Amino acid sequence: IEGPKGKIDNVVILGPLREHTQVEISVTDARGLGLEACVRQSGDVKGTPGCSLLNRNNGCGAVIDEGVIVAKRHIHLHTSTAKKWGLCDNETVTLLIGGSRGLAFDDTTVRVSDKFADYAHIDYDEANACMLKKGMTGRIIKTGGKVHAPDNPIPAQSTAKPQGSTVAFEHSVLTEAD
């Protein structure tokens, strides 16, 4: 992909197919390409920057007028998990990651479907900020109403004292590398 100030080689192409072409990058990538970073949920591309899609020989394969986004962090939950924890599709929560550089990721969207496995999705910039390592887990913090913890909650991985109810997120946090 190429923007006004630079390009990124060896870009991974993956599905599912969408109505419009979409390119998901990190904020760091956006700066390197010379594009305005627009944080959006997948599929919400209206009014976002475009870019050139280069072919293997660095020739222009296509130009998109819009569709470059920084994917909004989100948590995929299977319907049964969401029900057990009292969470709803498109609900906003905080994702707490522990460790030596633990962080609370506010404004994290919960996505619920029978087709989902339980995973949190964050980008490289976010993963690097909290020094995320493969297999690390996190906690979901809901700031309104009661959240019921699962049967075997994981121990707190952070010294942070969150406001509201918490529920253990017993599944892996995914990054773009995964």
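We count residues from 1, following the sequence as given. These numbers come from a predicted model, not from an experiment.
- Ile64 and Ile69 are not part of a single hydrophobic cluster, where members link through side-chain heavy atoms under 4.5 Å apart.
- Judged purely by atom type and a 3.5 angstrom limit, Asn128 uses its side chain to pair as donor or acceptor with the backbone of Tyr124.
- With hydrogens and angles disregarded, a donor-acceptor distance shorter than 3.5 Å links the side chain of Lys142 to the backbone of Gly86.
- Salt bridge status for Arg73 with Glu126: present, with a side-chain N to carboxylate O gap under 4.0 Å.
- Contact check on Lys72 versus Asp107 returns a salt bridge, with a Lys/Arg side-chain nitrogen under 4.0 Å from an Asp/Glu carboxylate oxygen.
- Defined by atom type and a distance below 3.5 Å, a donor-acceptor pair is present between the side-chain atoms of Ser42 and Glu24.
- With sequence neighbours left out, the side chain to side chain donor-acceptor pair (under 3.5 Å) criterion links Asp89 to no other residue.
- A donor-acceptor pair under 3.5 Å links the side-chain atoms of Ser113 to the main chain of Lys115, judged by distance alone.
- Listed by chain and residue number, Thr79 satisfy the side chain to side chain donor-acceptor pair (under 3.5 Å) test with Asp114 (two or more places apart in sequence, or in another chain).
- Side-chain atoms of Asp125 come within 3.5 Å of backbone N or O of Thr28 as a donor-acceptor pair.
- Cluster membership for Leu35 and Leu53, using ILVMFWY side-chain heavy atoms within less than 4.5 angstrom, is shared.
- For Asp65, there are no side chain to side chain donor-acceptor pair (under 3.5 Å) partners at least two apart in sequence or on another chain.
- For Ser80, the side chain to side chain donor-acceptor pair (under 3.5 Å) partners two or more places apart in sequence, or in a different chain, are His78.
- Looking at residues two or more places apart in sequence or on another chain, you find a ring pair (Phe, Tyr, Trp, His ring centres under 6.0 Å) between His74 and His76, His121.
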Under 3.5 Å, which donor-acceptor pairs do the side chains of residues 97-106 form with other protein atoms, sequence neighbours left out?
from, atom 1, to, atom 2, distance (Å)
Arg101, NE, Ala129, O, 3.3
Arg101, NH2, Ala129, O, 3.4
Asp106, OD1, Thr94, OG1, 2.9

